[in-house]
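Just so we're on the same page: letters track the sequence lines, and every chain starts at 1.
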Number of protein chains: 2
Amino acid sequence: MSRVPPDRTGPDDPRLAAALEQLRLAGGRVTRARRAVLGTLLAEPGHLSAEDLAKRVRERHPEVHLSTVYRTLDAFERLGVLTHVHLGHGRAIYHLAGGVSHHAVCESCGGVLHLPADLLDEVRERIEATWGFAADTRHFALVGRCAACRT
Amino acid sequence: MSRVPPDRTGPDDPRLAAALEQLRLAGGRVTRARRAVLGTLLAEPGHLSAEDLAKRVRERHPEVHLSTVYRTLDAFERLGVLTHVHLGHGRAIYHLAGGVSHHAVCESCGGVLHLPADLLDEVRERIEATWGFAADTRHFALVGRCAACRT
DNA sequence: TTCTATGCAAACGATTTGCAGGGAG
DNA sequence: CTCCCTGCAAATCGTTTGCATAGAA
């Protein structure tokens, strides 16, 4: 009745194994907290911030501290396992590195729309050619209003 | 020697007068703090955050509190006098409404590049046509590395 | 006179840090 | 055995809010 639902991916998810391997190869240590964070991130389809992630992780492993989640995410980014994207005002969400798409966030309903990863490639190249500025166009979401909220 | 330098624009700057008029027409009150904030913003060519602005304002009017600056900026935005843009991690800068260009912020040196206001118009239209999402493409700066910092 | 705007202090949310102990390699 | 990683508590940073008063209209 009050049992915790099972992970949507098993501990043998190949992506989890790959990420842990990458971590190990880069000299990082594989700990309970790191396994839990990575596992939770892979199990959740949504857009999880560090706080959300910590909450989810804690449902299974109450010892894991919020600050550990932040440090873990930080380490994962340094090691190239994860990337973060800003969804508007302050909140950052985490993704497996590679294959990150663009995000569009509706200011009214908070909904998140996924847009193709190559959406701004052309503009990015133009900016680079003209001003020499190499833009990471996916690092911030686009803000605006979604179709439904435009009444 | 230790005298405060004069404003770069006078109290009779036509843009200041226009903004104050707009404020008045919208039912807002013209106070010392509001005059000071607006005057400082117009006098500074750069990219001022609320904090920077408060510091500058205080050089002349030490009574004006940081929270007043935030509330003033907020009111100005509601009344259509100003707009803010996010230059990366949390920090927002303020501009006179209208004629806001795109901003590109270098992650290494922090430098800010101004890009044409219509830079993303085409993409914005494509996004609107395809997903019905009306993006405010200028609300967040582009992050990346400027030509100089790319070694 | 009326009601908005202000100063001040305290609250806030997200993230970071210092420190001493724990556990991976 | 060494050094990275962790838990915990406290600090930080930018911004917001509650309250009583000052002051614009």
Quick one: B/R35 CZ to C/dA5 P, roughly how many Å, whole number? 14 Å
With rounding to the nearest 0.5 angstrom, report the CD to CG distance, B/E107 to A/D136. 6.5 Å
Residues in residues 70-80 of chain A with a heavy atom under 4.0 Å of DNA chain D, by number, are A/R71, A/T72
Quick one: pull up CZ in B/R145 and CZ in B/R150 and give me the separation to the nearest 0.5 Å. 9.5 Å
In Å, rounded to the nearest 0.5 Å, how long is the span from CG of A/L53 to OH of A/Y70? 10.0 Å
Are any of the side-chain heavy atoms of A/L79 and A/L25 separated by less than 4.5 Å? no
With a 4.5 Å limit on heavy-atom distance, are the side chains of A/H103 and A/H114 in contact? yes
How many Å lie between CZ on A/R34 and P on C/dG23, as a whole number? 15 Å
Along DNA chain D (nearest heavy atom to each residue), the more 5'-positioned of B/S67 and A/A33: A/A33
Side chain of B/H65 - closest among C/dA9, D/dC5, C/dA14: C/dA9
Can you tell me how far P of C/dC8 sits from CZ of B/R58, to the nearest Å? 8 Å
For the residue pair B/L41 and B/Y94, establish whether any side-chain heavy-atom pair is separated by less than 4.5 Å. yes
Taking the side chain as every heavy atom from C-beta outward, state whether B/V30 and B/R35 have any pair of such atoms under 4.5 Å apart. yes
Quick one: B/L66 CG to D/dT17 C1', roughly how many Å, whole number? 13 Å
Any B/T40 side-chain heavy atom under 4.5 Å of B/E44 side chain: yes
Protein within reach of the bases, or only the backbone? For nucleotides 20-25 of chain D, mark each nucleotide 5' to 3' as B, S or -, using heavy atoms under 4.0 Å. ---BBS
Supply the atom-to-atom distance B/I127 CD1 to B/T137 OG1, rounded to the nearest 0.5 angstrom. 8.0 Å
B/H86 and B/H139 aromatic ring geometry - parallel, tilted or perpendicular at 30°/60° bounds: perpendicular
Could you state the CD-P distance from A/E63 to C/dG23, rounded to the nearest angstrom? 11 Å
Whole angstrom value for the distance that separates P of C/dT15 from CG of A/L53: 12 Å
Residue pair B/L23/B/P62 against DNA chain C: nearer the 5' end by closest nucleotide is B/L23
Take the protein atom CG of A/L87 and the nucleotide atom C1' of C/dA14, then report the distance between them rounded to whole Å. 15 Å
Expressed in angstrom and rounded to an integer, what is the separation of B/L48 atom CG from D/dT15 atom P? 13 Å
Determine, step by step, whether B/R78 and B/D74 satisfy the salt bridge (Lys or Arg N to Asp or Glu O under 4.0 Å) criterion, reporting the C-alpha distance in whole Å, the side-chain angles of both residues, the deciding distance to 0.1 Å, and the verdict. CA-CA 6 Å; B/R78 270 199 313 281; B/D74 216 66; 3.1 Å; yes
Helical bend (five base pairs per end, nearest 10°) for the helix from C/dT1-D/dA25 to C/dG25-D/dC1: 30°
